[in-house]
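To keep things clear, I will list the structure first and then write my remarks on it.
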Amino acid sequence: MASAAAVWMGMAVSGAAWAEETLRIVTFGGSYEDFLKERVVNDFEKETGIHVVLDTWTLKIAQVRAMVEAGNITADLFVGDPWDAAAGCSEGILEPIDPKFLGDMSDMQDGSVLECGIGTHMFTITFAWDKDRTPNPPTSLEGFFDIKKYPGKRALTSRMYTTFEYALMADGVPNDQIYKVLGSPDGLQRVFKVLEPMKDQIVWWDPAQLSVTTLTNHEVAYSMVPINRYFNAVLNDNRNWDTTWERFAYGYDTWFIPKDAPNKDNAMKFLEFMMQPERLGALATDFVAPPSRKSALKFMDSKIASKVDYSKNPMPMDVEFWASHFDSFGKQFQAWLRQ
Amino acid sequence: MAVATVSERTTPLRAALGRVRRRATLISLAMLAPLLVMTGLLFVAPLANMLFRSIDNGEVSKAFPTTVETLRSWTDAPLPDEAAFRALVFDVRAAALQDRSVLGNAARRLNLEVDGFRSLVLSAPNKFKTVTEPYKKTVIEADSRWGEPQYWRALQRNAHKLTDFYFLSAFDLKRTADSSIVRTDEPIFLSIFVWSVLMGAIVTALCLVIAYPLAHLLAVVSPRVSSVLMFFVLLPFWTSILVRTSSWIVLLQREGPINQLLQWSGLINAPMTLLFNRIGVIIAMVHVMLPFMVLPLYSVMRGVNPNLMRAAYSMGAHAVTAFRRVYLPQTYAGIGAGVTLVFILTIGYYITPQLIGAPQDQLISGVIASYTSEYLNWGLSSALSAILLIVILALFASLRRFIVIGKAH
């Protein structure tokens, strides 16, 4: 809350200097912001004359809610998690987005267009390991949850999503049954049964940076690493890591507009500009993440695209499922952790 | 007679003095005004808002006004009557025409009562498009979940604009369908409160044991040595908390310097797990909190007259006795202040446990933060905050006695 207030006040102060044609975009920051600026923002400013101000957030949707409840909307466009876009949409704190501007909807990947959000690039979390230290890694997802056959600590995300899906996959649940099983009365118990034998061998990460540092520090043998961080480690930091694409769950980085955003029209113009296949494909190269638009794939650098094998057994994450179950799962998960 | 004259003369003087005093009071109040207004705006108002959120329950009655009114007459029947189903359809259609937050907020609130209620409410406007009389039959046909009493009981429970739901949740309690209070299936918050208080006690005790001799040393050595030592005590204050915490991650990791040193010295064979568990949290927290214990102790110890100890020795007291009966009582004020500060700060601290501890090692403040920003359950985070506030005020009130006792000596 304190950080939300700080961001919010900071925005309000700098807000005094607003020009008439402005667009305030809030992203993950870091290299994401750099690539976005280079590939999209600079051209957008030149072409439209709209001044773009970039800001960073920590993906806590509470910030958007506080903003809308206070009636002080100081940003026009956010990029964040799809379930937050779904939950925020039903709560009425986000603007519905008319997908008409995308044209042919069959060009969009499943799950990338929401009522109040437009997905741009795929994200996933995969198991990674250090090849020097782990010469005989598991070849299937089951192996990562089989502590007897493949000993060594695991770093899993404590944010629940993907961890729970993968545990069920390892337990033999087919992709199209995952959410049916997870939502059934003893679905969570089945997840905990898979995790129980390795409970004391799990390091739970929450700031996503820990997924990388636990592996570089040899704190764990296997880590669930967000794919962009995995490629950053392999391509930029020359880590001798490997991962598997045997089975994985994915979602899309999703853009949304807070309700009554002052520059809503400019935000829509920006979305349209960014969603052009060529720009979306170029960004996909930078993010090492396939685009949500099928026609944009050919503009992604083929060398980079070949490093990810998304063809095998991907499962789209159920955004609405998580928006409905996050709260009660959170309590049961915390209770299980404390047992 | 003379006395009366004096009092007659003093009366105007007293009045004049009173005027001057009143003016001075007014001036100082005026000077304090900005502070008071700021405290009111930035402290009291948000606090009151937070406390209100913990009992606020307007969402359901706003979206389903006639339904909750109709459900008042529903008692033992397995399902409510036709009138309730008609009211539901009416309310859903009316709410769908309003701002989408009306139905959305009710959906979020009801989802806390019954997992999955959110999707039932949000899909209702679409599914109710074609329902007609008899409503009971067609509504259940549109979505069979409306045939389950648990959803209706949840609606019925939330007819009031105020609720004890969040406070009950914060104590791991809930209301059943017949309104009796039982324990929840996944009790967590009481154990988090207990762990937070325990953690506060452990860190405070360790800080006291380490800080007491250190503060004594600071008070008795030459000013030059003392200023150098003081620099090291204060150094952590000038370093970012994130930097300090990250440094502990480096030091405590499996192949970090501490484990290497312990293995090299032969004390342990395999590396110890010092990170992402309670040991790590305690080590790092003691380091963070140490200055808050050293400084109050030091300021009190500097004022202790060394002659009193000499007097005790000269009268034949053993070193331990002299310490216990002469020196220690004179430092009670410092102990009281340090213990209060460290204890309260520790319970309210969450950056270090979040980075160094496992999820189950989070203190109550970390849990409040995640309910505020991740789960968006502001009612529950407000209730937890209110309880934390009361616990801290109660502890502060009881610890204050020690400080007063210390001063009396």
Side-chain angles (χ1 to χ4, degrees), chain A residues 1-5 58-63 65-66 68-69 84 86-94 96 115-116 153 155 158-159 183 185 188 200 202-207 209-210 213-214 217-220 259 320-321 323-339, chain B residues 46 50 98-105 107-108 111-112 114-123 169 172 184-189 191-192 195 246 249-250 252-256 273 275-277 354-355 357-362 367-378 380-381 385:
Chain A
M1 195 58 222
S3 68
T58 50
L59 275 80
K60 308 282 190 207
I61 190 74
Q63 287 181 19
R65 193 209 251 185
V68 174
E69 277 194 9
D84 283 339
C89 192
S90 63
E91 274 193 39
I93 57 173
L94 302 179
E115 200 183 342
C116 298
K153 287 194 165 189
S158 62
R159 292 172 187 172
L188 266 193
D200 62 336
I202 299 174
V203 171
W204 295 103
W205 61 256
D206 187 10
Q209 182 54 36
L210 272 183
T213 45
T214 48
N217 295 345
H218 313 306
E219 197 71 33
V220 297
K259 190 168 188 282
E320 283 295 328
F321 180 90
S324 288
H325 292 85
F326 198 53
D327 205 282
S328 83
F329 277 18
K331 276 198 193 123
Q332 295 177 60
F333 179 50
Q334 288 294 329
W336 175 75
L337 283 173
R338 287 181 164 76
Q339 267 169 24
Chain B
M50 176 208 72
Q98 297 178 56
D99 189 286
R100 58 197 294 135
S101 65
V102 174
L103 214 50
N105 286 335
R108 178 173 46 76
N111 201 56
L112 299 175
V114 184
D115 202 20
F117 210 147
R118 179 180 172 276
S119 66
L120 185 60
V121 170
L122 292 177
S123 63
S169 304
D172 293 331
T184 51
D185 306 325
E186 55 275 338
I188 46 173
F189 297 117
S191 67
I192 295 173
W195 162 237
S246 314
I249 294 181
V250 173
L252 296 173
Q253 67 196 29
R254 255 179 88 77
E255 291 165 19
T273 307
L275 209 52
F276 308 119
N277 62 10
Q354 194 159 35
L355 290 176
Q360 60 269 35
D361 304 331
Q362 299 311 305
V367 176
I368 292 171
S370 72
Y371 272 97
T372 305
S373 59
E374 282 164 52
Y375 294 97
L376 276 189
N377 189 343
W378 291 1
L380 184 54
S381 64
S385 310

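A, B, ... follow the sequence lines: proteins, then strands. Residue 1 opens every chain. Values in this document were obtained by computation on a predicted structure and should not be read as measured data. Atoms considered below: every heavy atom in the structure, side chains included; atoms not considered: hydrogens, waters and symmetry mates.
- Among A:Cys89, A:Ala87, A:Pro96, the residue making the largest number of heavy-atom pairs under 4.5 Å with chain B is A:Cys89.
- At a 4.5 Å heavy-atom cutoff, A:Thr213 makes no contact with chain B through either its backbone or its side chain.
- Looking at A:Ile202, neither its backbone nor its side chain comes within 4.5 Å of chain B, counting heavy atoms on both sides.
- Contacts between A:Phe321 and chain B at a heavy-atom distance below 4.5 Å are absent for every atom of the residue.
- The most heavy-atom pairs under 4.5 Å with chain B, out of A:Ala335, A:Ser90, A:Gly183, come from A:Ser90.
- A distance of 9.5 Å separates OG1 in A:Thr214 from CG in B:Leu275, rounded to the nearest 0.5 Å.
- A cation-pi arrangement is present between A:Arg65 and B:Trp378 under the rule of less than 6.0 angstrom and at most 45 degrees off the ring axis.
- Residue A:Arg338 holds its CZ atom at 7.0 Å from CD of B:Gln360, rounded to the nearest 0.5 Å.
- With respect to chain A, the highest number of heavy-atom pairs below 4.5 Å among B:Asn377, B:Asn111, B:Asp115 belongs to B:Asp115.
- Neither the backbone nor the side chain of A:Gln209 comes within less than 4.5 Å of any heavy atom of chain B.
- Here B:Ile192 is the residue among B:Leu380, B:Val367, B:Asp361, B:Ile192 with the most heavy-atom pairs under 4.5 Å with chain A.
- Here the side chain of A:Glu219 pairs a donor or acceptor atom with the backbone of B:Arg254 at under 3.5 angstrom.
- For a residue to count as touching a neighbouring chain, one of its non-hydrogen atoms must lie under 4.5 Å from one of that chain's; by this rule A:Asp327 touches chain B with backbone and side chain alike.
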